[in-house]
Amino acid sequence: MLRFGLALVVALLAPALAAQSLPAEARGYLGDWTTYNDEGTEAQAVVRITESGGVVRGRIVRVLPTREYPAPQFRCDDCEGEYAGADLRTVPLIEGMEWDGGEFSGGRITDPTNAKSYRGVLRLAGPDRLRVRGFIGIRALGRTQVWRRAR
């Protein structure tokens, strides 16, 4: 009975202890971020970045109205491949990124519109701005978006 009690305590505390393992600077990446079009002029969605065991992931939690889609919906009619018609909340936008002394890297960023996955890097550019870079091979061959902390 004592072993069961200890196992239960460890299981309940594990998520809190894992979050404590990240440096304070790394915990600043967690939370909700508003994504923008490539020009940075129109908000498109809110992505929630979470951490488990020192690894971060990001998923869409809200789709915002845009000029092209004034009635936002989670179903992706513009997506290709395995994401065609998918619920955007199920698409793993950011997966497997680990803290690397000043940024999260080593994971993948998925673009559901073309069903491609890229190597990625997340780097804070101030308390409320996140630079999200996806690239092929080397960092120079990629694209960066700036996301803003959601309010």
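For residues 24-46, the ring-ring contact (aromatic ring centres under 6.0 Å, His included) pairs, not counting sequence neighbours, are Y29-W99, Y29-F104.
Hydrophobic clustering places V91 together with I94 (ILVMFWY residues linked when any side-chain heavy atoms are closer than 4.5 Å, directly or through intermediates). In the hydrophobic clustering of this structure, L30 groups with V47; members are Ile, Leu, Val, Met, Phe, Trp, Tyr whose side-chain heavy atoms approach within less than 4.5 Å, directly or through other members. Hydrophobic clustering (side-chain heavy atoms under 4.5 Å, transitive across Ile, Leu, Val, Met, Phe, Trp, Tyr) keeps L88 apart from V46. Linking Ile, Leu, Val, Met, Phe, Trp and Tyr whenever their side-chain heavy atoms come within less than 4.5 Å puts L124 and W147 in one cluster.
Atom CZ of R48 sits in a sparse spot, with 12 or fewer heavy atoms from other residues, nucleotides or ligands closer than 6.0 Å.
With values rounded to the nearest 0.5 angstrom, D32 atom CG is found 10.0 Å from T50 atom OG1. Annotation: the span from Q44 atom CD to D38 atom CG amounts to 7.5 Å, rounded to 0.5 Å. Interatomic distance, CG of D111 versus NZ of K116, reported as 9.0 Å (0.5 Å rounding). To the nearest 0.5 Å, the span separating CZ on R108 from CZ on R119 amounts to 8.0 Å. Here the CE atom belonging to M97 is positioned 7.5 Å from the OG atom belonging to S105, to the nearest 0.5 angstrom.
A distance-only check finds a donor-acceptor pair linking the side chain of R27 to the backbone of L22 [under 3.5 Å].
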Fill in: Test log, rule side-chain contact (heavy atoms from CB on, under 4.5 Å), inputs L130 and I49
CA-CA 11 Å; L130 179 66; I49 297 179; 3.7 Å; yes

Discussion item. Please evaluate residues E68 and N37 with respect to the criterion side-chain contact (heavy atoms from CB on, under 4.5 Å), reporting the C-alpha separation (whole Å), side-chain torsions for both, the decisive distance (0.1 Å), and the verdict.
Written reply: CA-CA 12 Å; E68 188 176 355; N37 61 0; over 6 Å; no

Residues 55-67, side-chain donor-acceptor partners within the protein, below 3.5 Å, at least two apart:
| residue | atom | partner | partner atom | Å |
| --- | --- | --- | --- | --- |
| R57 | NE | E95 | OE2 | 3.4 |
| R57 | NH2 | E95 | OE2 | 3.3 |
| R59 | NH1 | T90 | O | 2.8 |
| T66 | OG1 | Y69 | N | 3.0 |

